Amino acid sequence: MAKVSLGSALRRWIASADEQPADQLRFNAANLDELLRALFAHSPQLRGYVVDEHGRLRHHVTVFVNNTVVPSKTDLSQPLEVDSEVYIMQALSGG
Amino acid sequence: MSERLLLSTRKGLFVFDRGAQGWAQQAVHFLGDNLSYTLCDQRDGSWYAALNLGHFGCKLHRSSDQGESWTEIAVPAYAEQDRVGGGDGKEPQPAALQLLWTLAAGGADQPGRLWAGTIPGGLFRSDDHGASWYLLRGLWERPERERWFGGGYDWPGIHSICVDPRSSSELRVAVSCGGVWHSQDDGQTWTIRCRGMRADYMPPELSEDEAIQDPHCMVQCAKDPDQLWVQHHNGVFRSTDGGALWEEIKVPPSSFGFAVAVDPNDGQSAWFVPAVKDEKRVPVDARLCVVRTRDGGRSFQQLRSGLPEGPSYDLTYRHALAIDSSGQRLAFASTTGNLWVSEDQGDHWKQISGHLPPVAAVAFC
């Protein structure tokens, strides 16, 4: 099962009742799109913070798969292995 | 001590002078315009005001008579083939000037030399008082730039430029998010210099990648230039060897912030204006304070005398904390439009204004 980690500002939207710690979420998924769907089914509140209404990664959200950045905000078909590690982070701005 | 302050704000360049009655607003230039930075060039007294006019782009103006008159001069420009992007998954696009984030004067032996740090990540040099600029391709074309990315902005940017007082051809620049870089040949060739820094926002195995570090601000001690301080996204880092190695320093009540100032006469003395954390950019417990160390980060004082006693939500940007050449007088301002000055290294503060536009930068002149 692919493992998912989230940046600090996103962790707060992980469903709190879950038994898994927020930094050890694991899902069965053949590709990144499937993994995000499973993640959002698990934590529906998270969806709007990671993708827009069309399912595209938000402009300031970055996804790494096995420490390599996903080079597109729209093409999420990247295959995953059972031991893939996915890291989702976000930039923040303002003062 | 410096008797004048230049404040670059969202709605103009505000000049404050210290007279018999204390500090008072003396002039406003470019009223209504958004200023990102103002350089007071100590070599010849010129002022350089960097404007970010949004729909109309970035502009640069020079005054040789302390603001009595201004002349619009050239701005740095990228070439047609220059591209930016990639490090955070944003699709690469043509590079165009988006922000004049900082300006720095060259050495006393380099009249007319100016440096400009920009978003999307180019360092530019002028040798004619800003009449023309060129991109330092030795840094721009480093392969590590492909891993740079924007922090708060869409694209990476250079916000800190330190010209070494011992040798004007030696430079250190800091990039959000692209690490700290060092040149010994007037900016022609560069090496990365942020060993010891870490980035908790990255996947764990990439957290020590030097090329993705997010220094928010870097300052260098004038009298002891091997002493450098960085307020980083993940904390405070200090180097005592010119940046070859950085040591993390834990700062109470929070190591998060944007601004840092170092005493020009004592590299062990530094000041910070902390906030809670990146997703909560307000003072800890809503109690604004300035934090000072005088022993290289072994101990800290939380300075509050003269600062708001009640709840405060001020945030100080990276260029909005300044120290004058004496090392005694400091000033800082906030995005809430407040300005404070201390005459005694931060032991006591006095509010000079509470009605300014959001402040991007404060400079003694």
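Quantities reported herein were computed from a predicted structural model and do not represent experimental measurements. By convention in this document, chain letters (A, B, ...) are assigned in the order of the sequence lines, proteins followed by strands, and residues within each chain are numbered from 1.
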Can you tell me if [X] has over 12 outside heavy atoms packed within less than 6.0 Å of its [atom1]?
X	atom1	value
B:E205	CD	no
B:H55	NE2	no
A:E34	CD	yes
A:R37	CZ	no
B:E146	CD	no
B:R10	CZ	no
B:D285	CG	no
B:R198	CZ	yes

Would you compute the distance between atom CG of A:N67 and atom CE of B:M202 and round it to the nearest 0.5 angstrom? 8.5 Å
Please report the shortest heavy-atom distance between B:E279 and A:R12, naming the atom on each side.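 Result for this residue pair: CB-NH2, 4.0 Å.
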Nearest atoms (heavy-atom pairs only) where A:A91 meets B:G151: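 Closest approach of A:A91 to B:G151: CB-O, 3.0 Å.
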For chain A, which of B:K90, B:K280, B:R147 has the most heavy-atom pairs under 4.5 Å?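 Option with the greatest count: B:K90.
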Among residues 68-84 of chain A, which residues come closer than 4.5 Å to chain B, judged by heavy atom distances? A:V69, A:V70, A:P71, A:S72, A:K73
Any donor-acceptor pair under 3.5 Å linking the side chain of A:Y87 with the backbone of B:Y201? yes
Counting only heavy atoms closer than 4.5 Å, note whether B:D154 contacts chain A via side chain, backbone, both or neither.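 For B:D154, heavy atoms of backbone and side chain both lie under 4.5 Å from chain A.
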Strictly by modelled atom types, are B:D88 and A:H60 linked by a side-chain donor-acceptor pair under 3.5 Å?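 No, A:H60 and B:D88 have no side-chain donor paired with an acceptor closer than 3.5 Å.
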